[in-house]
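Here the structure is a predicted model, which is why all the values come from computation and not from measurement. Numbering of ligands and ligand atoms starts at 1, following listing order.
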Amino acid sequence: IPVDPFDLVIFGGTGDLARRKILPGLYRRFCSGQMEDNSRIIGAARSEHSTEEFRQMVADAIAEFDPKSGTPEMRAEFLERLEYVQVDALGDAGWQDLAALMSPGRVRAFYFSVAPSLFGALAERLHTHGIADDQTRIVVEKPFGHDLASAKALNADLAAHFDESQIYRIDHYLGKETVQNLMAVRFGNMLFEPLWNAQYVDHIQITVAETVGVGGRGEYYDKSGAMRDMVQNHLMQLLCLIAMEPPAKFDHDAVRDEKLKVIRALEQVPLQDVVRGQYLAAGADEPGYLEHVENADSKTESFIAMKLRVSNWRWAGTPIYLRTGKRLKARSSEIAVVFKETPHSIFGADAGRHRNVLTIRLQPNEGMDLFVTIKEPGPGGMRLVDVPLDMTFAEALGPDAEDVPDAYERLIMDVIRGNQTLFMRGDEVEAAWAWADPLIASWEERGDKPVAYESGSTGPEEALALMHRDGRRWREIR
Ligand code: BG6
């Protein structure tokens with residue numbers, strides 16, 4: 001379904017995120033017929049370029065990051081929609097040129113793909129130059145703050161010029177297909193919700209494992225670490241969707257109100273429930289974490305595992321374990337809801353102990369598995385075995401599932417449609433920092449150093465022990 005005609009301005013239009021994700025994503029939406037003919041995309045940045053040069057840069061980006069979509073004619077047509085304007089975020093140069101490019105009566109969206117320190121200046125100039133109106137939408141990226149104080153300051157900068165209903169804070173995990181499917185599965189089926197609580201669920205595991213290291217992002221990453229880079233935002237969002245109460249409707253404030261309640265119900269995590277790690281080098285070609293960053297004594301973690309408790313009626317007594325890290329064995333993200341064992345086994349001790357597990361695979365190979373216990377075929381008596389009911393979306397839904405839009409594509413289209421459901425509200429971001437800050441402060445005050453782990457492993461041994469001591473174990477990273 002095409003969206004209304006729009007003018008989308010990308011500040012930081014020549015930057016890395018624009019080249020890798022935003023512009024190729026818009027191109028794919030164009031190819032699928034979602035962009036009306038008169039919609040336009042305007043790259044804006046500090047450097048001097050002609051529109052022709054910008055179009056060439058975008059053509060190169062599409063060739064590099066999405067060589068398969070569309071036809072040469074489609075590419076040429078898409079490039080025609082692009083303009084470039086040089087603007088000075090902190091001065092006055094270029095703003096009148098930008099104002100002149102805006103078309104009346106269209107949705108106006110401004111993507112701030114720039115350092116957060118520029119958010120306030122951009123928001124202000126959009127107003128002083130008469131470019132923003134009350135239909136204008138602005139899109140901001142993480143990192144949304146470094147702690148509670150800086151997140152509050154950013155929220156205040158934006159709130160000085162825009163209403164909350166105009167601000168779209170992206171967490172690209174919310175745009176992932178399976179993440180949305182999680183809500184469909186929970187609230188579109190009768191099967192799960194009655195069991196979705198501490199009475200039936202033993203624990204929940206959320207794993208986001210990456211094979212990449214910090215690479216060229218050492219300068220940013222070393223100031224953040226896995227807690228700020230992944231847990232405060234992406235993993236927190238996953239946790240909220242898993243743990244929240246059913247919203248009354250699938251609507252922006254109804255969903256976000258419920259997510260906020262989960263964050264506010266999180267207990268503070270004692271340090272004995274946290275494991276932080278740093279990856280080691282793997283041979284001469286794969287440097288270790290400390291070689292990727294400037295500070296050879298860095299205490300920043302590239303891996304973190306922890307045990308959380310959501311202190312409310314639904315989840316009291318059911319821990320949620322999180323782990324995420326770089327340079328791990330495989331790129332694999334999954335959520336597992338591990339149900340309790342049956343209260344009594346009628347099959348005797350030999351049948352072993354079994355439990356149902358619902359796994360939700362975010363990437364790769366998106367889909368879900370529900371492990372159920374059945375009889376092992378054959379004459380060997382009542383032997384039980386756990387088998388997965390596999391729901392790989394690409395298999396179940398056929399070719400439609402293969403055309404799943406990338407997270408950024410979907411989210412940008414939601415901005416144009418004016419749908420904020422999959423974006424973070426200011427109070428949610430602040431609540432997540434309010435939870436994260438004291439924990440970060442507790443290891444910083446003690447001067448704790450992360451433990452080392454082998455590249456290509458499942459993370460530090462201590463993370464395994466975090467589960468073992470509770471008589472549980474992590475699911476395999478595959
Ligand atoms: C980003 C983090 O937000 O998410 C990166 O800054 C991380 O460090 C990335 O690699 C992971 O995203 P995805 O979509 O590849 O799982």
For residues Asn233 and Gln237, is any side-chain donor paired with an opposing acceptor at under 3.5 Å?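 The criterion, which ignores hydrogens and geometry beyond distance, is not satisfied for Gln237 and Asn233.
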
With no hydrogens and no angle check, do the side chains of Asp414 and Tyr168 hold a donor and an acceptor under 3.5 Å apart?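 Side chains of Asp414 and Tyr168: no pair found under 3.5 Å.
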
For [atom], what's the nearest protein heavy-atom neighbour? Residue, atom name and distance, please.
atom                    : answer
atom 15 (O) of ligand 1 : Arg331 NH2, 3.2 Å
atom 11 (C) of ligand 1 : Glu210 OE2, 3.5 Å
atom 16 (O) of ligand 1 : Tyr173 OH, 2.4 Å
atom 12 (O) of ligand 1 : His172 NE2, 3.1 Å

May I ask you to establish whether Arg169 and Phe144 are in a cation-pi arrangement, using a distance under 6.0 Å from NZ or CZ to the six-membered ring centre and at most 45° from the ring axis?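 Because its charged atom sits under 6.0 Å from the ring centre and within 45° of the axis, Arg169 does stack over Phe144.
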
Distance to the ring centre below 6.0 angstrom and angle to the axis at most 45 degrees; does that hold for Arg276 and Trp443?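 Judged by the rule, Arg276 and Trp443 form a cation-pi pair.
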
Would you sort out whether Tyr111 and Phe11 count as a ring-ring contact (aromatic ring centres under 6.0 Å, His included), showing the intermediate values? CA-CA 6 Å; Tyr111 201 125; Phe11 291 110; over 10 Å; no

Please could you name the atoms of ligand 1 that [X] approaches to less than 4.0 Å, counting only its heavy atoms?
X      : result
Lys176 : 13 (P), 14 (O), 16 (O)
Gln363 : 13 (P), 16 (O)
Asp229 : 2 (C), 5 (C), 6 (O), 8 (O)
Lys326 : 5 (C), 7 (C), 8 (O), 10 (O)
His234 : 1 (C), 3 (O), 4 (O)
Lys142 : 1 (C), 2 (C), 3 (O), 6 (O)

Any nitrogen or oxygen of Tyr220 lying under 3.5 Å from a nitrogen or oxygen in ligand 1? Just yes or no.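 Not met; the criterion fails.
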
Looking at ligand 1, does any of its N/O atoms fall within less than 3.5 Å of an N/O of Tyr221?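 N/O-N/O distance below 3.5 Å does not exist for this pair.
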
So that I can tick it off, tell me whether Asp202 and Arg355 are bridged by a salt bridge, with the cut-off set at under 4.0 angstrom between side-chain N and carboxylate O.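 Here Arg355 pairs with Asp202 in a salt bridge, since their nearest N and O are under 4.0 Å apart.
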
CA sep, side-chain torsions, deciding dist, call: Phe54, His49, ring-ring contact (aromatic ring centres under 6.0 Å, His included): CA-CA 6 Å; Phe54 180 60; His49 294 290; 7.9 Å; no

Determine the interplanar angle of the Phe30 and Tyr27 rings, folded into 0 to 90°, and report it as parallel if under 30°, tilted if 30 to 60°, perpendicular if over 60°.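 If you compare the ring of Phe30 with that of Tyr27, the planes turn out parallel.
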
